Amino acid sequence: MFTLHCKPIGYRMANRSMSRLAQWCSRVFMVEINEKTEPIYFALSSKPGARNSELEALFGSGKLFSVCALCDGRVQSARSHVHLKTALAEKLAPGCDLFDTASFLPDVNNSLIRGFFLRDNSALSSAERVVTQLQQKGSVCVFRYTREENGHYLCSAVTDEPAERERIYYVTPAPAPQHHPSTLNIINSDVFYQMAEAYKVLQECSDVIPESKAVLELVEEQQLESNSSHDKRFPVIVIEGLDATGKTTLTCSLQKALGAVLLKSPPECLAQFRQRFDAEPPLIRRAFYALGNYITAAQIARESSHAPVIVDRYWHSTAAYAIATAVSGREENLPAVGSEIYEWPSDLLRPSLVLLLSVSPEERLRRLTHRGLDKTEEESQLEINHLFRRKVDEAYKRIQNPACMVVDASPSPDHVLEQVLCLIRNKCNL
Ligand SMILES: Nc1ncnc2c1ncn2[C@@H]1O[C@H](COP(=O)(O)OP(=O)(O)OP(=O)(O)O)[C@@H](O)[C@H]1O
Ligand SMILES: Nc1ccn([C@@H]2O[C@H](COP(=O)(O)O)[C@@H](O)[C@H]2O)c(=O)n1
């Protein structure tokens, strides 16, 4: 389905002299029809396998292709994948279905490679022309699926190389793996556990995203200025929650009530870059937010030497949104409670207390509508995508060391403040 040239992060195909297609035979392929149904899994084999109804439904009609961007570096791969999706969505005629797909080594971290599956039932059979054009630009690898008269499905590479073109494999059903494939690449692609890892991503982007250099300079500056080694530190209280749960309202009130310093992540100094990085694929966007936490951490270290510090969003937000976006489908696909994915980064300053504001989806929507401000794309998704909101909420609650305490934020602002002050006094001796 994809070629050797598409190097997945941390994983390299072992034998480059083998046929390209043959090297995909150790992998399992996943096609995601929609967020609510289970993906369809299949493998490639030199022998025909059993037939099953799911494969029949997927392969049963139209012309079928899978496509993947071909790139060397992870930054280029991530960006090309997004460009490929845009190009396919723009060029494919009505009657073509475009599904997210991926191939992976079952339960092997970092083995996931993403692509797209096309099913063309359009009047003009436009998909073949579109994928061939994209391939001619030199950035895309295409596999074609056909049906034999006896009902077996076959996979072959769409290529100019005759030997490669003639190599054919059977499509056979594969069992669902223990861990959902979309969880395999989270570490250091969606969630970063050390500053150096996020830093490297922005370094790798600096040619294509010049703003990366400015962000890295700010990280350096803040690290130099930070003084995290003082003995006595005032409490550091983080307020977390989905959009419009009342974080801004509460953090401002807490600042006044406690005579505290109010900080946020991402910090003010990154505000000018946010839109730019929000438009980038997850690898780059998440690295940007991860670095934002380290800048905020340096500010916390300085400020907490002389006053309590309140922080509006911090690592819980970065990780929860990243995990919920990376993991496709339902909440059950999230990494299990206790997974290393939910562990706090070893080099990031830990707060004294993390409070997660919680309101019902209806109340949140009422507040959002009442406020009427622009929302980021991700926040708009929260509104329309119930599944995504549930995954963010659940991921927040699974994060460990420190875990968050859930606060019912549906009462009046004064009541919420009262409740939270009470918690802070109990937990932080303030
Ligand atoms: N306890 C509350 N009861 C009713 N309305 C509230 C309460 N707290 C905040 N609001 C209102 O809800 C809206 C969202 O609040 P706020 O801006 O504090 O949320 P937020 O979590 O900071 O959102 P964002 O993450 O988007 O910045 C505002 O209009 C605010 O006045
Ligand atoms: N520490 C943080 C803070 C935010 N994000 C990302 O930003 C979005 C929500 O921020 P708002 O300012 O709109 O409330 C959300 O999409 C998060 O992905 C983050 O990653 N880390």
Side-chain angles (χ1 to χ4, degrees), residues 186 190-192 198 201 215 238-255 262-271 273-297 299-300 310-327 344-345 348-349 351 354-383 385 388-389 391-393 395-396 399 404 407-421:
I186 288 179
D190 296 291
V191 185
F192 296 88
V201 174
V215 172
V238 174
I239 306 297
E240 291 283 9
L242 296 173
D243 198 38
T245 47
K247 296 181 299 300
T248 309
T249 308
L250 177 66
T251 50
C252 290
S253 306
L254 284 173
Q255 178 187 23
L262 176 56
L263 297 173
K264 60 182 196 167
S265 177
E268 258 339 303
C269 62
L270 291 189
F273 304 113
R274 207 167 161 189
Q275 210 180 353
R276 179 74 184 83
F277 285 91
D278 275 342
E280 291 297 327
L283 173 74
I284 301 166
R285 184 161 89 242
R286 301 306 177 192
F288 167 79
Y289 281 105
L291 291 173
N293 286 328
Y294 287 94
I295 296 181
T296 299
Q299 297 172 342
I300 295 173
I310 305 296
V311 193
D312 185 344
R313 289 200 192 271
Y314 195 37
W315 194 78
H316 273 73
S317 276
T318 313
Y321 278 82
I323 294 167
T325 312
V327 176
W344 191 267
L348 182 66
L349 185 145
V354 183
L355 300 176
L356 175 66
L357 303 188
S358 172
V359 295
S360 67
E362 296 74 27
E363 171 61 8
R364 216 184 119 249
L365 201 55
R366 195 194 63 74
R367 291 184 191 181
L368 274 168
T369 318
H370 187 251
R371 187 173 62 174
L373 284 179
D374 275 356
K375 301 173 201 88
T376 60
E377 197 193 330
E378 210 157 2
E379 287 299 344
S380 321
Q381 263 206 54
L382 285 183
E383 234 170 284
N385 190 340
F388 182 60
R389 185 188 57 72
K391 283 187 285 187
V392 178
D393 209 38
Y396 263 131
I399 291 168
C404 56
V407 172
D408 177 10
S410 37
S412 70
D414 284 349
H415 192 109
V416 176
L417 174 65
E418 199 62 25
Q419 242 191 111
V420 167
L421 282 173

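Only heavy atoms go into these numbers, but all of them, side chains included; no hydrogens, no water, no symmetry mates. Numbering of residues begins at 1 and proceeds along the displayed sequence. Just follow the structure's listing: the first ligand is 1, and inside any ligand the first atom is 1. What you are looking at is a predicted structure, and each value in this text was computed from that prediction instead of being measured.
Looking at heavy atoms from C-beta onward, D278 lies in side-chain contact with R285 at the 4.5 angstrom threshold. A 4.5 Å side-chain heavy-atom check between I399 and C404 finds every atom pair outside the cut-off.
Nearest to atom 25 (O) of ligand 1 by heavy-atom distance, out of K247, K264, R364, E363, is K247. Of the candidates R286, R313, H316, it is R313 that places a heavy atom closest to atom 4 (C) of ligand 2. Residue nearest to atom 26 (O) of ligand 1, selected from D243, L368, L357, D408: D243 (by heavy-atom distance). Evaluated by nearest non-hydrogen atom to atom 2 (C) of ligand 1, the leading choice among H415, R366, R367, H370 is R367. Selection from T249, T245, V416, D312 by nearest heavy atom to atom 31 (O) of ligand 1 gives T249.
Under a 4.0 Å criterion applied to the non-hydrogen atoms of R313, ligand 1 contributes the atoms 25 (O). Below 4.0 Å from some heavy atom of P413 lie the following atoms of ligand 1, by number and element: 1 (N), 2 (C), 3 (N), 7 (C). Here is the list of ligand 1 atoms found below 4.0 Å of a heavy atom in T248: 17 (O), 18 (O), 20 (P), 22 (O), 27 (O). Less than 4.0 angstrom separates some heavy atom of N293 from each of these atoms of ligand 2: 1 (N). Near S412, meaning under 4.0 Å from any of its heavy atoms, are these atoms of ligand 1: 1 (N).
Interatomic distance, L250 CG to Q419 CD, rounded to the nearest 0.5 Å: 9.5 Å. K247 contributes atom NZ, which lies 13.5 Å from atom CG of L254 (distance to the nearest 0.5 angstrom). With rounding to the nearest 0.5 Å, the separation of OG1 in T248 from CG in L262 is 9.0 Å.
Residue contact annotation: A244 has a non-hydrogen atom under 4.0 Å from ligand 1.
With a heavy-atom cut-off of 4.0 Å, R274 touches ligand 2 through its side chain alone. When heavy-atom distances to ligand 2 are checked against a 4.0 Å cut-off, K247 has no atom that comes that close, whether in backbone or side chain. Proximity of W315 to ligand 2, defined as any heavy-atom pair under 4.0 Å, is not found for any part of the residue.
The N/O atoms of Y321, backbone and side chain alike, include none that comes under 3.5 Å of an N/O atom in ligand 2. Any N or O atom pair closer than 3.5 Å counts here, and S410 shares no such pair with ligand 1.
By the 30° and 60° cut-offs, the orientation of the rings of Y396 relative to Y321 is perpendicular.
Side-chain atoms of T245 never come within 3.5 Å of backbone atoms of S358 as a donor-acceptor pair (strictly under, hydrogens ignored). Looking at W315, its side chain never comes within 3.5 Å of a backbone N or O of A319 through a donor-acceptor pair.
For the residue pair S412 / D414, no side-chain donor-acceptor distance below 3.5 Å is found, with atom types taken as modelled.
We find that R366 and E362 are not joined by a salt bridge, their nearest charged nitrogen and carboxylate oxygen being 4.0 Å or further apart.
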